[in-house]
Amino acid sequence: MTTTSAPPPELGQEYPAPDEAAHTEEILKLFTGMTERKYPPGVRPMRRDAHTKAHGCVKAEFTVLADLPDRARVGLFKRPATYQAWIRYSSAFSSIASDRDIDVRGMAVKVMGVEGEKLLERERLEKTQDFLLINHHVFFSPSTKEYLEFSREYVKNESTIRYLLRPGRWRQLMILYRAGRGDIVNPLTTRYWSSVPFKHGPAAVKYSAAPCDGIVRKGKPGPSPNFLREAMAAHLRERDACFDFMVQFQTDAVKMPVEDPSIEWEERLSPFIPVARIRIPRQVFDSERRMEYAENLSFTPWHCLPEHRPIGGVNRIRKTVYEHISTLRHTANGVPRREPASFDEFPD
C-alpha cells in the first residue's frame, strides 16, 4: 500500500486545523468566564482580559513612505500619506501589576482616516487600521490546540507556570521567558514585532517597529511599579520619539510558516523593509482624562483593510475572542464601542 504525502505549503496560504472551530469556541468561553468572574456586577470598570495595564496612549503621526518597492505598495501603503494615530503601550498580564514583574510588553497602533471597507462586518465603514505588536519576534504557541491548553491553565490560575512546566513545553517556556524578562527601560526605545502573519495583497508578511535611533538597553528598571510610564513621560517632555514601521515578506513557506508562529522568520531569508515612519511628538499623555479615553479604545488586528487580513490560527482565534470580549467590556462599562475618526474627538 502506498501512502500519499501532504503537498508542500504554498506562500501566503492558510491551513486551518480540522478542530480549530472547537478550539476557538472553548477559548472564547474560558476568557469570557474569567472576565465575568473578575468583574461581577458592581466591580467596574471591567478591564481588558489581556494587556490590561496601559503605560500610556500617545498621539502620533504615521507616514507612509514614498518610493516603496512595487510589492510593498498595497492597501494602506499604496501611496505616500500621513495619518493621525493612537499608540497604546501596555503589559500583557490580565491584571495590573508592577512594571518590575516579568511580562511581555505591547505596542498597539491605531491609524485613523484610512479609507475603504474593513473586514469586521459591524465596523466595515470605520476608518481605522490597527497593528498589534509585542516585544518579541515569535509567539509562544505553535498551534490552536496548544493555545487552548495554555488558555485552560491560564484562566484557572492566572499563571503560565503549570502549563509551561509540563513535558514537551521547553520551547514555549523559553519564548515566554525571553520575551518577559526583556531589559526594557522605556517603551519608546525598544523594538516590537507582530509575531504572527498577515496578508499583504497576495503575499504574507510580518510587521515590526524599531526605534529610529536604535534600541536602548542601557540603564536599570526604576524603583517605581510604574517606571515604564514614568520613563515615557520623561522622554516626551523633552523630545519626540520615532519608529520605523517595517514589513517582512514570507519567501519560504516551509521555513517561514503561517500556521506556526513560534517559528522565527529569519531575517537572513527575508530582511524587513521600511514602509512607514512613526513620529510621536512631545506631549503630556498621563493625565487621568487621557488614560480614561485610552481605556475605552478597542484594538484588534481585524480592524483592517482586506489587503492586510490577519492569517494563521492565532489571528483567526483573535477575531472571535477580541470582538466578543471588547463588546462585553464596553457594554458592562456603559461606554459606546466605536472607532475614533481623528484627534478632534480628544483635543489637548
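Computation of the quantities below employed the complete heavy-atom set of this structure, encompassing side-chain atoms and omitting hydrogens, waters and symmetry-equivalent molecules. In this text the structure is predicted, and so the values were computed from the model without any measurement.
Using the six-membered ring where Trp is involved, His136 and Trp193 have ring planes that are perpendicular, over 60° apart on the 30 and 60° scheme.
Asn296 and Glu292 share no side-chain donor-acceptor pair at under 3.5 Å. Checked by atom type, the side-chain pair Glu126/His303 shows no donor-acceptor distance below 3.5 Å. Under the 3.5 Å distance criterion, with hydrogens and angles disregarded, a donor-acceptor pair is assigned to the side chains of Glu230 and Ser224. No hydrogens or angles considered: a donor-acceptor pair under 3.5 Å links the side chains of Glu146 and Tyr163. In the model, Ser270 has no side-chain atom that pairs as donor or acceptor with a side-chain atom of Gln248 under 3.5 Å. No side-chain donor from either of His55 and Ser90 sits under 3.5 Å from a side-chain acceptor of the other.
Using a 4.0 Å cut-off between charged side-chain N and carboxylate O, Glu339 and Lys110 make a salt bridge. Note on Glu20 versus Lys145: no salt bridge recorded, every NZ/NE/NH1/NH2 to OD/OE distance being 4.0 Å or above. Using a 4.0 Å cut-off between a side-chain N of Lys or Arg and a carboxylate O of Asp or Glu, Arg318 and Glu323 do not qualify as a salt bridge. Arg73 and Glu307 are not joined by a salt bridge, as no carboxylate oxygen comes within less than 4.0 angstrom of a charged side-chain nitrogen. With salt bridges taken as basic N to acidic carboxylate O contacts below 4.0 Å, one links Glu149 and Arg152. No salt bridge links Glu61 with Arg277; every basic N to acidic carboxylate O contact stays at or beyond 4.0 Å. Ion pair Glu123/Lys118 not flagged as a salt bridge, since none of the NZ, NE, NH1 or NH2 atoms sits closer than 4.0 Å to an Asp/Glu carboxylate oxygen.
Residues Thr331 and Asn333 fail the side-chain proximity criterion, which asks for heavy atoms closer than 4.5 Å. You'll find the side chain of Glu36 reaches within 4.5 Å of the side chain of Leu328, heavy atoms only. With contacts defined as side-chain heavy-atom distances shorter than 4.5 Å, the pair Met112/Glu345 does not qualify. By the 4.5 Å heavy-atom criterion applied to side chains, Gln283 and Pro281 are counted as neighbours. No side-chain heavy atom of Thr190 sits less than 4.5 Å from a side-chain heavy atom of Arg105. Side chains of Val64 and Val275 form no contact here, defined as non-hydrogen atoms less than 4.5 Å apart. Within the 4.5 Å cutoff, no side-chain heavy atoms of Pro306 are placed close to those of Lys199. Proximity of Lys255 to Gln250: side-chain heavy atoms (C-beta onward) are nowhere separated by under 4.5 Å.
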### From CA spacing to verdict: side chain to side chain contact (heavy atoms under 4.5 Å, CB included), Val43, Lys38
CA-CA 8 Å; Val43 179; Lys38 290 179 69 174; over 6 Å; no
### Task
With salt bridge (charged side-chain N to carboxylate O under 4.0 Å, His left out) as the test, would you mind laying out the steps for Glu14 and Arg309 before giving the verdict?
CA-CA 12 Å; Glu14 298 180 87; Arg309 180 170 59 86; 2.6 Å; yes
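Annotation: cation-pi pair Arg191/Phe272 present, NZ/CZ under 6.0 Å from the ring centroid and within 45° of its normal.
A distance of 11.0 Å separates CD1 of Ile325 from OG1 of Thr320, quoted to the nearest 0.5 Å. For the atom pair OG of Ser141 and CZ of Arg169, the computed distance is 9.0 Å after rounding to the nearest 0.5 Å. Going from atom CD1 of Ile280 over to atom CD1 of Ile87 covers 4.0 Å, rounded to the nearest 0.5 Å. How far CG of Leu28 is from CD1 of Ile317: 10.5 Å, rounded to the nearest 0.5 Å. Atom CD1 of residue Ile278 and atom CG of residue Asp240 lie 13.5 Å apart, to the nearest 0.5 angstrom. Once rounded to the nearest 0.5 Å, the distance linking CD1 of Ile161 with CZ of Arg166 reads 12.5 Å.
Ring to ring, Phe131 and Phe245 are close: their centroids are under 6.0 angstrom apart. The aromatic ring centroids of Phe249 and His200 lie less than 6.0 Å from each other. In this structure, Phe299 has its ring center no closer than 6.0 Å to that of Trp86. Aromatic rings of Phe150 and Phe140 (six-membered ring for Trp) have centroids within the 6.0 Å cut-off, being under it.
Listed for the Asn315 side chain is no donor-acceptor partner under 3.5 Å among the backbone atoms of Phe198. A donor-acceptor pair is defined here as one N or O able to donate and one able to accept, closer than 3.5 Å; such a pair exists between the side chain of Arg44 and the backbone of Pro40. Between the Trp265 side chain and the Pro271 main chain, no donor and acceptor come within less than 3.5 Å of each other. Judged by distance alone, with hydrogens and angles left aside, the side-chain atoms of Thr52 form no donor-acceptor pair with the main-chain N or O of Ile96 at under 3.5 Å. A donor-acceptor contact shorter than 3.5 Å is absent between the side chain of Ser326 and the backbone of Tyr322. Here the side chain of Asp103 pairs a donor or acceptor atom with the backbone of Phe93 at under 3.5 angstrom.
Annotation: disulfide bond (SG atoms under 2.5 Å apart) contacts involving residues 232-326, sequence neighbours excluded, comprise Cys212-Cys242.
Following chains of ILVMFWY side-chain contacts shorter than 4.5 Å, one can reach Tyr147 starting from Trp170, so the two form part of one hydrophobic cluster. Transitive grouping of hydrophobic side chains (ILVMFWY, heavy atoms separated by less than 4.5 Å) keeps Leu65 and Met246 in distinct clusters. Hydrophobic clustering (ILVMFWY, side-chain heavy atoms < 4.5 Å, transitive): Leu188 and Phe227 are in distinct clusters. Follow the hydrophobic side-chain contacts under 4.5 Å out from Val205 and you never reach Trp302; the two are in separate clusters. Under a hydrophobic clustering in which Ile, Leu, Val, Met, Phe, Trp and Tyr are joined whenever their side-chain heavy atoms come within less than 4.5 Å, directly or via other members, Tyr207 and Phe62 fall into the same cluster.
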Under 3.5 Å, which donor-acceptor pairs link side chains of residues 77-84 to any protein atom two or more places apart or in another chain?
residue	atom	partner	partner atom	Å
Thr82	OG1	Thr63	OG1	3.0
Gln84	OE1	Phe343	N	2.8

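The side chain to side chain donor-acceptor pair (under 3.5 Å) check on Lys53 picks up Asp99, Asn226, with sequence neighbours excluded. For the side chain to side chain donor-acceptor pair (under 3.5 Å) test, residues two or more places apart in sequence or in another chain that qualify with Arg124 are Glu117, Glu121. Scored by the side chain to side chain donor-acceptor pair (under 3.5 Å) test, Glu115 finds Lys127 as partners (sequence neighbours excluded). Evaluation of the side chain to side chain donor-acceptor pair (under 3.5 Å) rule for Ser94 yields Tyr154, Glu158 as partners, not counting sequence neighbours.
Residues Leu305 and Gly75 come closest through the heavy atom pair CD1-C, 4.0 Å. Nearest approach of Pro16 to Arg316, heavy atoms of both residues: CA-NH2, 3.3 Å.
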